[in-house]
Structures are given as C-alpha cells and as structure tokens.
There are 2 protein chains.
Amino acid sequence: MASDTDHPAGATRPAPSDGEFAAGLRIAILRLARRLRVERGDESLTLSQLSALASLEQLGSCSPTELAEAERVQPPSMTRVIAALEAHGYAVRAPHERDRRQAVIAITAEGRRVLDETRRLRNAWIAQALGELSAKELAQLAAAIPVLARLAER
Amino acid sequence: MASDTDHPAGATRPAPSDGEFAAGLRIAILRLARRLRVERGDESLTLSQLSALASLEQLGSCSPTELAEAERVQPPSMTRVIAALEAHGYAVRAPHERDRRQAVIAITAEGRRVLDETRRLRNAWIAQALGELSAKELAQLAAAIPVLARLAER
DNA sequence: TATTGTTATACTCTATAACTATA
DNA sequence: TATAGTTATAGAGTATAACAATA
C-alpha cells in the first residue's frame with residue numbers, strides 16, 4: 001500500500017514503511033487507551049459504560065444486540081454493561097411490544113444528565129493535555145480523528 | 001469528513017468545542033484499541049507484551065522499574081509481563097552487578113526475531129485497513145501519530 | 001529507613017460456550 | 001429449528017496494598 005512513492009512535493013508524506021507505520025500507530029493507540037481508561041471522572045461510569053451510554057443516546061431506544069453491534073462487542077459483553085447502566089438508573093429496559101424475546105433499552109433523563117456531566121469531568125485530563133499542543137498539532141489531530149474512527153469501523 | 005479546509009494560514013483552532021473534540025478522540029481511541037487488541041497475530045505475544053518487548057529492544061538492558069516507566073504502567077503490572085516474556089525465552093533476567101536488589105532485563109536474539117516476525121504478522125489487519133484509506137487520509141494519519149504519542153506521554 | 005521488586009488480591013473488559021425463552 | 005438474550009467461565013490487563021530483600 002501506499003508506502004512507496006508518491007507525494008513528491010507532497011508535504012507530509014507517510015514515508016515510513018508499512019510495518020513501522022502500523023507499529024507506531026498500534027503503540028500510540030495502546031498507550032493512549034491506557035491513559036484514557038485510567039483518567040476517569042468520578043461519576044463511577046467506566047469508559048466502556050460511558051461509550052455504550054453515548055451510543056444509546058445516539059441510537060435512541062434499541063435492543064441489546066443492536067447496542068452490541070454499535071459498540072462492536074459481543075452480546076454477552078453488552079449484557080453486563082447494560083446491567084451496570086440499569087443499576088445506576090441511567091438506562092431502562094422494557095419488553096418489546098410484539099416479540100417477547102427482545103428487550104428495548106432506553107436512556108433515562110438521569111442518564112443524559114450524567115452523560116453531559118461526565119463528559120465535562122472526564123475531559124479534564126484530555127483538555128489539559130490538548131492545551132499543551134501547538135495549534136498545528138491540534139489541527140493534525142482533528143484531521144485524524146475521523147480517519148481513526150473509520151479505521152475502527154473496519 | 002475530510003472536510004478539513006481549515007485554517008488557511010493562521011491555523012488556529014480545531015473548530016469543534018473542546019468537549020466534542022475530546023469525546024470524539026476518546027471514543028475513537030477506545031474502539032481502535034479494542035480492535036487492535038483482538039487482532040493479534042498468532043505468535044502468542046499479547047499486545048502489552050509486544051509493546052513491552054519493543055520498549056526493551058529500544059532501551060537495551062534495563063531494570064523492571066525502568067521498563068514499567070517506559071510503558072507507563074505500575075511495577076507489579078510489569079512483573080507479570082516480564083515473567084511472560086521470560087517464559088517464552090524472549091527476555092532474560094540477570095542480577096545487577098553492584099546492587100543486588102535490582103534485576104537487569106534484556107531482550108534475547110529470539111526476542112528480536114519474534115518482534116520482527118510479529119510486527120509483520122500482526123500488521124496484516126491494520127495494513128489491510130490502511131489500504132482502504134485514501135492517500136490524503138494516510139497522510140493525515142501519519143501526521144497525527146507523533147501527536148498521539150506525545151499525548152500519551154503526558 | 002528507603003528502595004527494588006514480588007506476591008496477593010481485586011476489578012474492568014472482553015470473549016466463547018452453553019443454556020433459556022420465545023418465535 | 002432459529003433467534004434474542006443471559007449465565008457460566010476464562011483470560012488479558014491493570015491497579016493498590018502488603019511483603020521481602022537489600023542498601
């Protein structure tokens with residue numbers, strides 16, 4: 001892929017070999033994920049729960065399976081996340097109208113509140129870190145976020 | 001999005017609010033980390049072990065504490081990683097010459113070989129995913145990697 | 001007493017396999 | 001039989017607290 005060539009005059013060039021490129025990305029992601037997992041606010045929502053709650057807010061009411069698919073995890077993993085959200089009162093479960101095998105999950109008002117509040121609290125670390133980046137670095141990061149998201153979707 | 005455009009010359013500010021920016025980054029990192037953790041080669045090195053072995057190669061001989069610091073984990077976590085690397089024959093432990101409290105860890109030839117091989121194997125998924133990105137997206141990603149790395153160092 | 005490292009323990013996150021209830 | 005979901009179980013990854021050996 002791409003490695004070779006191109007971008008003669010092209011500015012940024014991803015020069016390094018595919019292997020180095022991928023290795024660098026892999027390590028950077030691993031380490032950042034470690035940091036983000038640890039730097040959690042105190043609202044008692046873990047990173048996975050927060051992510052699922054955010055997906056739930058976006059999707060609106062949905063089934064556990066749909067939520068699992070949105071988060072790209074297996075259903076049993078989502079079962080536990082939903083149970084935690086329910087226990088906190090951030091999500092509710094209702095029976096599906098016609099198909100009694102299915103459950104319908106929805107975010108609660110309290111869930112929305114916590115989502116907003118946690119976003120603020122939890123971003124403290126990242127905001128501070130971002131603050132130490134140059135404008136150029138910030139722009140580079142901003143440009144890369146959608147690319148990272150696309151990569152994660154594959 | 002690719003919209004970019006951005007910052008003609010001045011390059012200031014990555015438009016979205018800090019909160020959205022941070023939230024987007026957080027979620028993208030979480031999901032990519034999930035994928036990378038799962039898509040491991042078959043050399044039986046886990047992502048954390050691979051990362052530690054790469055640091056060990058870079059640092060040369062060092063103490064467990066130094067390696068833990070390089071990886072930004074606590075010493076007890078590194079103890080387990082080192083034990084796994086040792087069990088596989090990818091690292092060796094020797095007593096420190098003067099201070100008998102310390103241990104000196106070093107990568108073995110076999111460790112180097114596995115590191116190279118695993119890098120290739122393990123990058124299969126990511127290389128394929130990268131292959132579907134445009135040259136522009138690749139360049140954006142490449143530009144962001146050192147920024148992500150800096151962020152993780154904080 | 002201070003430092004280096006390990007052991008004991010626990011929690012998060014995730015998976016696969018097997019099971020239940022419903023269709 | 002097929003589908004939606006849960007329970008049981010396991011393993012990776014990490015942390016804190018308590019301990020041992022050495023300085």
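Quick caveat, the model's predicted, so the values are computed rather than measured.
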- Task: Assess whether atom CD of B:Glu97 is packed by more than 12 heavy atoms of other residues, nucleotides or ligands within 6.0 Å.
- Result: no
- Message: Given C:dT14, C:dG5, C:dA23, identify the nucleotide with an atom nearest to the side chain of A:Ser77.
- Response: C:dT14
- B:Arg93 side chain, from C-beta outward: closest of C:dT6, C:dT22, D:dG13: C:dT6
- Item | Residues touching DNA chain D, which here means a heavy atom under 4.0 Å, drawn from residues 78-86 of chain B | B:Arg80
- Message: I want to check one thing: is the phosphate of D:dG13, taken as OP1 and OP2, less than 4.0 Å away from some side-chain N or O of A:Arg34?
- Response: no
- Is the shortest side-chain N to carboxylate O distance from A:Arg113 to A:Glu110 below 4.0 Å? yes
- Item | Which residues share a side chain to side chain contact (heavy atoms under 4.5 Å, CB included) with A:Ile145, sequence neighbours left out | B:Phe21, B:Leu25
- Query: Looking at D:dA17, D:dG5, D:dA23, which one has an atom nearest to any side-chain atom of B:Pro76?
  - Reply: D:dA17
- Side-chain contact check for B:Asp99: nearest option of C:dT6, C:dC13, D:dT22 is D:dT22
- Do you see a donor-acceptor pair shorter than 3.5 Å between the side chains of A:Ser63 and A:Gln102? no
- Query: What are the residues of residues 56-67 of chain B, sorted by number, that bring a heavy atom to within less than 4.0 Å of DNA chain D?
  - Reply: none
- Task: Identify which nucleotide among C:dA15, D:dG13, D:dA17 has an atom closest to any side-chain atom of B:Leu47, counting heavy atoms from C-beta outward.
- Result: D:dG13
- Item | Nucleotide nearest B:Gln102 when distance is taken to its side chain, options C:dT4, D:dT14, C:dT7 | C:dT4
